[in-house]
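Ligands are counted one by one from 1 in listed order, and the atoms in each one are counted from 1 as well. Values reported hereafter were calculated over all heavy atoms of this structure, with side chains retained and with hydrogens, waters and symmetry mates removed. Here the structure is a predicted model, which is why all the values come from computation and not from measurement.
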Amino acid sequence: MANEQLMGKIVSLAKRRGFVYQGSEIYGGLAGTWDYGPFGHELRSNIERLWWKRFVSDRDDMYGISSSIIMPEPVWQASGHLQGFTDPMTECEKCKRRFRVDLLEDRVTCPECGGKLGTEKTFNLLFPIEMGSAVGGTVTAYLRGEVAQGMFVNFKNIIDSFHPKLPFGIAQIGKAFRNEINPRDFLFRVREFDLMEFEYFIRENEWETQFEYWRGEMWKWIDEIGLSRDHVHELEVSAEDRAHYSKRTIDFEYDFPFGRKELYGLAYRTDYDLKKHTEASGVDLTYRDESTGETFIPHVIEPTFGAGRTVFAVLYEHYREDELGGEKRAYLALPPVLAPVKVAVFPLLKNKPELVKKAREVYQAVRKEIPQTAWDDNGNIGKRYRRQDEIGTPACVTIDFDTLEDDAVTVRDRDTGAQERISIGELTAYLKRTIVNEALL
Ligand code: ATP
């Protein structure tokens with residue numbers, strides 16, 4: 001199947017099945033914004049929970065925070081974003097459409113209407129907002145263009161409250177905003193997105209070993225969410241393409257349907273940010289080694305993971321089409337830990353009260369231990385299977401007339417369609433052991 005065709009199918013499945021909708025769609029849609037529906041929200045939350053567990057709660061050296069989205073101008077002045085967070089832009093003289101110059105193959109002719117492209121300008125990606133001020137008038141603040149500054153401005157707070165020893169990290173999952181010139185390609189290039197990120201504070205002389213360590217950890221994460229290593233590629237970013245604060249950057253690129261593009265980034269930000277904030281705020285952001293008395297500004301390694309791009313890559317990676325029992329079907333072969341619904345429980349027929357009653361009991365019992373368990377009694381059983389396959393539900397449990405006699409149910413596996421009879425007493429333990437990964441519920 002051509003990649004564009006596959007992309008079309010994924011976008012349409014995402015909308016039809018309640019994963020992702022165009023933002024403000026009933027008003028024609030707002031470019032570069034997408035709304036997550038119930039299954040998209042669950043999928044993204046599962047990704048974020050798994051990330052948080054791996055990189056924050058399972059470790060002793062991470063401090064998780066949640067900082068403000070709105071930050072004042074001096075933060076962005078000091079961080080260099082007011083000057084350096086720009087993309088080169090050009091506007092078509094004929095149709096007035098704007099393009100990001102570095103993403104154009106032909107920098108002279110408009111790819112949309114064939115008109116002549118104008119001169120190159122720099123375009124700042126930060127979203128300014130006017131905030132009401134206590135002394136009248138307004139002050140300019142900004143929606144954060146990256147979450148990292150939230151970690152840097154809280155560095156001293158974390159030091160004062162927790163007295164961590166180097167190396168340690170400050171982590172956060174949250175929204176970032178960029179006024180992208182050309183939002184496009186579904187969740188790939190948007191104006192409002194979620195980042196999972198940490199700043200890992202180190203001594204300067206260990207930056208190379210720490211960089212290598214985190215590079216390895218990022219690959220482990222890629223394995224955990226089921227992206228094939230063959231579809232992810234490292235790109236050593238050249239000095240001229242690196243962000244203003246970085247001394248070394250590796251992009252982890254994924255084979256998206258429209259080409260190989262950045263999924264994640266790993267940057268060595270040196271002591272750039274803490275130094276700049278010390279100078280600009282006048283607050284001392286040095287670290288003091290208790291055993292030697294030495295004081296210095298730590299350096300930083302920053303692994304960054306876009307949550308929206310992860311959702312996109314995961315949907316694309318796990319989309320399958322095959323024939324099962326002589327019928328064509330599409331399904332998401334999601335790793336169970338990511339599936340928005342882990343188990344779907346249904347009565348064979350919804351108009352038989354004795355089946356519904358029994359099925360409800362099974363449903364309540366399973367969902368007590370497997371939270372993302374759903375009830376489904378719409379349409380016939382074939383339709384229910386197809387619907388659950390499309391959203392990637394690993395296991396379906398059917399309560400039929402035999403259940404009333406033998407207290408056993410049919411469990412169907414999403415990928416193979418294989419069915420097994422399991423007694424109700426064993427069911428939850430069986431599901432946890434075989435289909436749903438117990439450790440990650
Ligand atoms: P690009 O070159 O694609 O514009 P960038 O190099 O500016 O990206 P970074 O600053 O490295 O991106 O951003 C960190 C992470 O944030 C990226 O790896 C990506 O996952 C995510 N990201 C960046 N911009 C966007 C966007 N417009 N929409 C969705 N995710 C984004």
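- Taking only nitrogen or oxygen atoms, main chain and side chain alike, Leu263 reaches within less than 3.5 Å of ligand 1.
- Distances from atom 1 (P) of ligand 1 to the heavy atoms of Arg242, Arg189, Lys261 put Arg189 nearest.
- Side-chain N or O atoms of Arg309 include one that pairs as donor or acceptor with a backbone N or O of Glu262 at under 3.5 Å.
- Listed by number with element, the atoms of ligand 1 under 4.0 Å from a non-hydrogen atom of Tyr264 are 18 (O).
- Checked by distance only, ligand 1 and Phe188 come closer than 3.5 Å through their nitrogen or oxygen atoms.
- Within the 6.0 Å centre-distance limit, the rings of Trp34 and Phe186 are counted as a close aromatic pair.
- Below 4.0 Å from some heavy atom of Leu195 lie the following atoms of ligand 1, by number and element: 15 (C), 16 (O), 21 (C).
- Nearest protein neighbour of atom 7 (O) of ligand 1, counting heavy atoms only, is Arg178 NH1, 3.2 Å.
- For the pair Asp185 (side chain) and Phe188 (backbone), a donor-acceptor distance under 3.5 Å is absent.
- Smallest separation of non-hydrogen atoms from Leu266 and Ile301: CD1-CG2, 3.7 Å.
- Atoms of ligand 1 found under 4.0 Å from any heavy atom of Thr304, numbered from 1 in the order shown, are 14 (C), 15 (C).
- Listed by atom number, the atoms of ligand 1 under 4.0 Å from Gly306 heavy atoms are 20 (O).
- Closest to atom 19 (C) of ligand 1, if we only count protein heavy atoms, is Arg309 NH1, 3.5 Å.
- At least one N or O atom of Val190, backbone or side chain, sits closer than 3.5 Å to an N or O atom of ligand 1.
- The single protein non-hydrogen atom nearest to atom 6 (O) of ligand 1 is Glu262 OE1, 3.2 Å, given as residue, atom name and distance.
- Residues Glu290 and His163 have side chains that never bring a donor and an acceptor to within less than 3.5 angstrom of each other.
- Taking the six-membered ring for Trp and the full ring otherwise, the centers of Tyr287 and Phe155 sit at least 6.0 Å from each other.
- None of His299, Glu302, Lys247 except one satisfies the side-chain hydrogen bond (donor to acceptor under 3.5 Å, both in side chains) rule with Tyr268; the exception is His299.
- Not a single heavy atom of Phe252 sits closer than 4.0 Å to an atom of ligand 1.
- Residue Arg100 places a heavy atom under 4.0 Å from ligand 1.
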